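Structure, as structure tokens:
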There are 2 protein chains.
Amino acid sequence: MKRASVTLHEVAAAAGVSIATVSRALNGKDRVSSRTAEHVAEVAERLGYRVNLIGRGLRAGTGATIGVVVPVISNPFYGELIHRLEDHLQRRGFDLVIADSHGDVERESDRLRMLVERRVEGVFVVPSDAELSFDAVADTARRVPLVQLDRHVLDLPADFIGVDNDEGIELAVAHVVSRGAERVVLVSGNDVTSVGRERRAAFEATVRTRSLPQEVNVFGEYLLEFGESAVRTLLARGPLPDAIVAGDDLVAAGVIAALKRAGTRVPEDVQVTGFDGTMLADVCEPRLTTVVQPFDDLAREATEALVRRMDDPDSPYVLRRLAPSLRVAESTSPAP
Amino acid sequence: MKRASVTLHEVAAAAGVSIATVSRALNGKDRVSSRTAEHVAEVAERLGYRVNLIGRGLRAGTGATIGVVVPVISNPFYGELIHRLEDHLQRRGFDLVIADSHGDVERESDRLRMLVERRVEGVFVVPSDAELSFDAVADTARRVPLVQLDRHVLDLPADFIGVDNDEGIELAVAHVVSRGAERVVLVSGNDVTSVGRERRAAFEATVRTRSLPQEVNVFGEYLLEFGESAVRTLLARGPLPDAIVAGDDLVAAGVIAALKRAGTRVPEDVQVTGFDGTMLADVCEPRLTTVVQPFDDLAREATEALVRRMDDPDSPYVLRRLAPSLRVAESTSPAP
DNA sequence: CTGTTAGCGCCTTCAA
DNA sequence: TTGAAGGCGCTAACAG
């Protein structure tokens with residue numbers, strides 16, 4: 001089984017023309033007679049020629065590739081986001097290289113470096129740490145158009161597209177309160193990520209504004225297990241609150257599971273809301289009332305922002321927060 | 001903001017040596033005095049030099065990249081699989097380019113072509129159609145080491161790593177039967193994929209072997225919605241079976257949701273099992289008894305198979321089916 | 001309309 | 001130990 005690929009030279013030789021002519025013919029340039037073009041195409045086909053994008057990329061100074069670094073590919077939220085990103089990039093002729101940082105700053109730095117060395121035309125990154133990701137992300141942004149997605153690094157001058165966490169939390173709290181909740185607790189991600197910080201701050205702010213009782217919230221990681229352990233923490237503290245606002249759908253799912261195992265009814269005893277609007281929300285029982293992220297808009301805006309920066313490296317930084325919406329389901333009480 | 005990257009030439013000029021020396025120094029070759037090496041490293045650092053993998057790749061005839069084509073990135077099953085693949089490849093120094101075929105044969109063909117043109121060193125593919133994917137996958141396999149994952153194309157001479165679907169279905173059926181089920185129905189993917197075919201065949205075989213009553217099974221797509229519609233179909237037909245074996249966790253989740261909405265109790269009235277062992281199984285209520293795929297083993301074996309084929313294009317084709325396990329949870333009856 | 005030539009950035013002989 | 005030179009595959013500029 002031979003594996004060495006056919007090159008322009010070989011096609012040229014077989015077709016009895018120069019490699020330049022082959023290149024022109026195959027790329028649909030007009031300075032070629034249609035007879036020649038046809039002949040070349042035929043020979044190329046017969047030989048199974050495929051353009052070598054490495055060669056072309058070296059020549060052109062770039063391949064049409066975009067990179068994206070996410071904390072955990074297996075998280076449905078990022079799966080959905082990547083899905084949409086791939087779609088929008090595809091449409092513009094870009095391929096997507098994906099890298100998993102495992103939520104680890106070192107690894108994130110490694111992956112970003114790899115993308116730079118690969119000379120990708122742009123990078124999307126969901127920074128794993130609001131502070132510690134600074135150096136790697138900043139350095140990368142200096143070298144290649146970069147857009148932060150979903151999360152951002154503090155005080156980093158760079159584009160960012162994400163959901164409006166304030167509005168999301170506000171939607172959730174307003175909803176459970178309208179359904180009769182007084183004591184509302186937040187079970188969410190810690191301050192490691194910008195998302196965790198913002199949702200926490202938004203929650204605390206709205207609790208104050210509404211003069212709701214100050215509860216001791218629970219913070220941890222965006223994992224199913226954290227949702228479960230958080231409920232144990234709450235149970236150990238005393239009577240459960242009227243509602244639990246979870247930091248994301250995964251945590252909410254854990255919360256619901258643990259509540260039911262403890263014999264607590266959802267939403268009769270405790271209402272629960274999620275955040276993200278992933279398919280997990282529809283699988284939960286009862287179905288999860290959740291703050292839905294506009295995945296497709298996020299992906300589109302992020303792509304546009306990246307393209308803008310590629311076109312003009314000096315354009316002002318974009319910092320867009322898209323409005324989420326609330327999808328009401330069974331995990332919160334029926335309207336009074 | 002300047003974006004043109006620093007090259008070996010510039011480092012060489014700044015360091016007052018030749019580019020060959022810079023190359024050697026930066027790649028840790030021994031034919032360089034440590035004094036020079038140190039100096040070069042320092043200058044490179046100061047200039048912010050980053051190797052250009054495109055250039056290196058052209059020279060070397062390859063970049064260290066592997067491509068993977070999956071039907072839907074947003075499906076948690078593929079998310080998990082990709083997560084593991086990335087891990088194993090990372091460890092061997094490969095980067096992973098990921099492409100989404102959207103379950104569409106045309107698009108799949110496009111993406112495979114892109115990977116070939118990119119001169120990736122190997123390709124993993126989850127073929128979207130057991131028959132129609134033949135041409136594109138066969139052509140790709142002719143050009144680059146390729147391993148089929150999870151699904152395979154019929155009669156295609158190529159490596160394949162997947163789960164043992166016979167054993168998986170057998171585990172599920174044996175389990176629900178041991179918990180008292182007599183009438184067992186399969187709600188699974190249609191014959192478009194090899195997985196759908198195999199699970200169906202396995203199910204029909206075990207029903208015969210066990211002399212269980214022949215039921216009319218329901219086939220569709222691996223989607224939450226299909227699970228729901230399948231239940232409607234079953235309800236319209238008459239009395240529900242004792243157990244529903246779902247083709248994957250997503251379908252099972254839909255089945256459970258629809259059953260409960262119809263006032264049917266799970267597992268008291270109908271037992272339900274899933275397939276894959278994704279996080280969805282843990283989010284379902286009741287928790288889903290499911291056939292767990294050995295994700296990490298699959299990824300490792302697939303990586304090994306690919307490396308083997310890269311080393312020896314003529315080595316015999318590997319066709320590995322890894323044993324799944326059953327994770328028993330609440331969606332099937334307690335042991336009698 | 002077609003061929004020749006010159007690199008893109010890198011690494012690796014081959015000389016010195 | 002270091003430098004000079006060639007060439008990976010491709011395309012664009014320049015001749016013819």
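So you know, we letter chains A, B, ... as the sequences are listed, proteins then strands, and number each from 1. As the structure is a prediction and not an experimental result, all values here were calculated from the model.
For the pair B/Asp139 and B/Arg143, the salt-bridge criterion is met [side-chain N within less than 4.0 Å of a carboxylate O].
Nucleotides of DNA chain D with any atom under 4.0 Å from a heavy atom of chain A span, from 5' to 3', D/dG9 to D/dA13. The outermost nucleotides of DNA chain C lying under 4.0 Å from heavy atoms of chain B, listed 5' to 3', are C/dG9 to C/dT13.
Heavy atoms of B/Ser33 sit under 4.0 angstrom from primed sugar atoms or phosphate atoms, though from no base atom.
For the pair B/Leu58 and B/Lys29, nearest-nucleotide mapping onto DNA chain C gives the more 5' position to B/Leu58. Heavy-atom distances to DNA chain D give each of A/Thr7 and B/Ala37 a nearest nucleotide, and the one nearer the 5′ end belongs to B/Ala37.
A rotation axis mapping the C1' atoms of four pairs onto the next four is fitted at both ends of the helix from C/dC1-D/dG16 to C/dA16-D/dT1 over five pairs, and the angle between these axes is 50° to 10 degrees.
Within the structure, salt bridge (charged side-chain N to carboxylate O under 4.0 Å, His left out) pairs that include any residue of residues 99-110 of chain A comprise A/Arg107-B/Asp87 (at least two apart or interchain). Under the salt bridge (charged side-chain N to carboxylate O under 4.0 Å, His left out) criterion, no residue pair touches residues 58-70 of chain A, with sequence neighbours excluded. For residues 295-304 of chain A, the salt bridge (charged side-chain N to carboxylate O under 4.0 Å, His left out) pairs, not counting sequence neighbours, are A/Arg84-A/Asp296, A/Asp297-A/Arg300, A/Glu301-A/Arg320.
Scored by the side-chain contact (heavy atoms from CB on, under 4.5 Å) test, B/Leu132 finds B/Val105, B/Asp129 as partners (sequence neighbours excluded). Scanning for side-chain contact (heavy atoms from CB on, under 4.5 Å) contacts around B/Asp135 gives an empty result, with sequence neighbours left out. Remark: A/Arg151 engages no residue in a salt bridge (charged side-chain N to carboxylate O under 4.0 Å, His left out) (not counting sequence neighbours).
Taking the six-membered ring for Trp and the full ring otherwise, A/Phe77 and A/Phe295 have centroids separated by under 6.0 Å.
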Test A/Glu131 against A/Arg197 for salt bridge (charged side-chain N to carboxylate O under 4.0 Å, His left out), laying out the working first. CA-CA 12 Å; A/Glu131 294 173 351; A/Arg197 292 173 188 229; 3.1 Å; yes
Which is it for A/Leu115 and A/Val144 under the side-chain contact (heavy atoms from CB on, under 4.5 Å) test, yes or no, and what are the steps along the way? CA-CA 9 Å; A/Leu115 292 173; A/Val144 51; over 6 Å; no
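How far CG of A/Asp95 is from CD of A/Gln90: 6.0 Å, rounded to the nearest 0.5 Å.
Within residues 46-57 of chain A, no residue has any heavy atom closer than 4.0 Å to DNA chain C. Residues from residues 112-119 of chain A placing a heavy atom under 4.0 Å of any atom in DNA chain C do not occur.
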List, one per line, each side-chain donor-acceptor pair under 3.5 Å for residues 38-52 of chain B, sequence neighbours excluded.
{"from": "B/His39", "atom 1": "NE2", "to": "B/Ala15", "atom 2": "O", "distance (Å)": "3.3"}
{"from": "B/Asn52", "atom 1": "OD1", "to": "B/Ile54", "atom 2": "N", "distance (Å)": "2.7"}
{"from": "B/Asn52", "atom 1": "OD1", "to": "B/Gly55", "atom 2": "N", "distance (Å)": "3.2"}

